[in-house]
Amino acid sequence: MGAGHARSRYLNRKEGDDEGKASDWNEVVASWGPQIEQATYKNRQRLYLSEQTDGSVPNTLVIANVEVVKARVAAAEHISQFNEESRSPFVKKSKTIIHPGEVNRIRELPQNSNIVATHTDSPDVLIWDVESQPNRQPVLGATPSRPDLILTGHQDNAEFALAMCPTEPFVLSGGKDKSVVLWSIHDHISSLAADQGAHKSPGSKGNLSNGKAGDGTAVEARGIFQGHGDTVEDVQFNPSSAQEFCSVGDDSCLILWDARTGSSPVVKVEKAHNADLHCVDWNPNDVNLILTGSADNTVHMYDRRNLTSGGVGAPVHIFEGHSAAVLCVQWSPAKASVFGSAAEDGILNIWDHAKIGKAGNDVGSGDSSYPPGLFFKHAGHRDKVVDFHWNAADPWTIVSVSEDGEKTGGGGTLQIWRMIDLIYRPEEEVIAELDKFKSHLLTCSTSSSS
């Protein structure tokens with residue numbers, strides 16, 4: 001399956017030999033929101049994305065509605081309207097928020113799909129109620145939209161490390177001040193009850209969660225955790241605990257924290273990689289497994305029950321399938337052993353660690369150029385893939401974003417795609433299905449040769 005990337009079906013973006021539609025915004029980050037509507041052949045779903053500009057118009061946070069074609073649906077409308085160089089008609093903006101600075105990260109609050117957090121080039125985390133925020137026109141000179149809430153606590157810029165807790169309305173961030181900072185949105189709601197004179201955001205019709213969020217209301221940190229020796233690049237909660245989380249940084253360390261035991265590390269893994277760490281993810285289906293991605297081009301999988309050996313990191317497995325720095329890793333929401341990794345080499349790899357060591361289960365089995373565990377390569381982007389997100393509502397569908405450099409014409413590219421299900425379904429099941437079409441395929445073959 002060495003050419004596995006050619007089997008992916010684009011639902012909303014580029015690649016001439018696949019079904020899809022183009023979306024020519026300068027996207028740098030993207031994240032799925034809730035499914036809004038289900039139909040026979042397609043679903044409508046919210047998508048958050050950023051538009052970063054050259055300064056001629058403001059930076060924006062965009063709330064879009066996307067038509068996601070269901071698996072095994074050949075949508076003639078989508079195919080006929082595919083255009084490599086034009087904006088997709090199936091990714092439709094529903095609201096634009098003028099963002100104060102570039103949008104570096106977007107995270108949705110699991111407990112309330114109208115609440116998102118963003119990181120920009122500042123020490124603060126910005127919280128937005130996307131339902132109540134007014135729709136803005138991004139014209140030159142327009143004043144930024146006002147966030148419903150500002151989370152304070154960092155002493156220097158916090159640009160990328162951002163996470164929302166699956167179990168409680170908690171927010172986690174890391175920054176250049178080498179700190180990991182924890183907030184509770186409950187704290188914010190409580191503080192507003194005593195502050196009836198809060199200054200409201202012009203044009204804002206609603207409130208944050210079940211409290212009355214004043215414009216620019218600052219919320220102080222619940223905890224500040226220090227243990228890194230350099231910039232914190234990514235953070236993630238334990239999927240089953242609001243008090244436990246992990247972080248990685250430019251000090252090559254992976255640190256596990258527990259807010260119940262104080263502000264010092266519970267476990268500090270020195271030399272988790274041989275270079276800066278860029279990303280981390282905690283397995284939602286197996287809380288013992290943690291992924292890290294690094295500038296050393298590799299992904300490491302750690303078991304939190306046995307993190308170190310001889311004072312340094314002892315990963316369960318090292319995944320070597322990229323030729324440049326790994327920028328993003330994420331576990332699949334559908335299968336505990338599957339995850340994706342995206343890198344500066346423009347490749348998004350899909351791995352299954354359960355396949356390691358099992359004969360015939362890897363991409364290009366018998367070919368030493370394909371590392372163990374790799375079973376799909378998405379090679380549709382033109383430059384470094386800076387962000388991607390599995391779709392929890394449609395688990396084998398992925399949104400990925402590349403930050404295209406000058407060599408590819410600049411700007412950004414957003415792609416929504418899924419691999420054909422024959423790739424990941426059980427082998428016996430696939431063979432049985434293909435066997436049903438055997439006579440038809442033989443008939444086609446005979447007809448074409450005659």
Side-chain angles (χ1 to χ4, degrees), residues 1-11 15 17-20 35 38 40-43 68-75 281 283-289 291 299 301 303 316-321 329-341 347-380 388 390-398 400 416-449:
M1 224 187 78
H5 59 270
R7 302 188 187 187
S8 63
R9 160 134 52 83
Y10 288 74
L11 304 179
E15 186 115 321
D17 60 353
D18 290 310
E19 305 163 27
Q35 198 170 78
Q38 292 187 349
T40 305
Y41 299 113
K42 61 188 178 185
N43 298 322
V68 181
V69 179
K70 291 187 177 182
R72 300 194 168 213
V73 173
D281 197 29
N283 194 325
N285 297 304
D286 183 347
V287 294
N288 288 316
L289 297 181
L291 292 172
V299 176
M301 182 172 72
D303 186 324
V316 176
H317 192 79
I318 298 175
F319 299 87
E320 300 176 304
V329 291
Q330 190 188 10
W331 290 101
S332 164
K335 190 174 180 182
S337 60
V338 171
F339 66 91
S341 62
I347 302 295
L348 202 168
N349 284 329
I350 306 297
W351 309 81
D352 187 344
H353 72 77
K355 293 180 180 292
I356 295 172
K358 294 183 179 179
N361 274 333
D362 298 326
V363 168
S365 292
D367 184 344
S368 60
S369 65
Y370 287 93
L374 178 65
F375 76 98
F376 188 83
K377 289 173 72 78
H378 177 69
F388 77 94
W390 295 87
N391 187 346
D394 187 356
W396 289 94
T397 300
I398 291 174
S400 54
I416 298 175
W417 56 275
R418 73 165 69 91
M419 70 185 80
I420 191 169
D421 62 6
L422 297 176
I423 294 173
Y424 58 80
R425 283 165 51 204
E427 184 178 352
E428 324 78 64
E429 195 178 296
V430 171
I431 291 172
E433 179 175 334
L434 291 176
D435 202 47
K436 292 179 184 178
F437 297 96
K438 185 176 180 180
S439 58
H440 175 69
L441 292 170
L442 290 172
T443 303
C444 292
S445 177
T446 304
S447 301
S448 61
S449 61

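If you're wondering where the values come from, they're calculated on a predicted model, not measured in any experiment.
Shown here for G340 and L348, the closest heavy-atom pair between the two residues is CA-CD2, 4.5 Å. Of all heavy-atom pairs between S332 and N285, the closest is O-ND2, 3.6 Å. Contact between W331 and P284 at its shortest, heavy atoms only, is CB-CD, 3.7 Å.
Using a distance-only test at 3.5 Å, with no hydrogens or angles considered, no donor-acceptor pair links the side chain of N391 to the main chain of T397. Between the Q330 side chain and the W390 main chain, a donor and an acceptor come within less than 3.5 Å of each other. In this structure, N283 contributes its side chain and A336 its backbone to a donor-acceptor pair below 3.5 Å. With N349 contributing its side chain and G321 its backbone, the two residues share a donor-acceptor pair below 3.5 Å.
Here the NE2 atom belonging to H317 is positioned 11.5 Å from the CG atom belonging to L291, to the nearest 0.5 angstrom. Separation of atoms CG (D281) and OG (S341) is listed at 12.0 Å; rounding is to 0.5 Å. L374 contributes atom CG, which lies 10.5 Å from atom CD1 of I356 (distance to the nearest 0.5 angstrom).
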Quick one: do V69 and Y41 satisfy side chain to side chain contact (heavy atoms under 4.5 Å, CB included)? Show the steps, please.
CA-CA 6 Å; V69 179; Y41 299 113; 5.8 Å; no
field: Trace of the side chain to side chain contact (heavy atoms under 4.5 Å, CB included) decision for F375 with V338
entry: CA-CA 10 Å; F375 76 98; V338 171; 4.3 Å; yes
H353/M301 under side chain to side chain contact (heavy atoms under 4.5 Å, CB included): CA gap, chis, key distance, verdict:
CA-CA 9 Å; H353 72 77; M301 182 172 72; 3.7 Å; yes
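Contact of the V68 side chain with the R418 side chain is registered, since non-hydrogen atoms from C-beta on lie closer than 4.5 Å. The shortest side-chain heavy-atom distance between I350 and I398 falls under the 4.5 Å cut-off.
Using bins of under 30°, 30° to 60° and over 60° for the plane-to-plane angle, the ring pair H378/W417 lands in the parallel bin. Using a 30° and 60° split on the angle between ring planes, W351 and F339 fall in the parallel class, below 30°. Using cut-offs of 30° and 60° for the angle between ring planes, the Y424 and W396 rings count as parallel.
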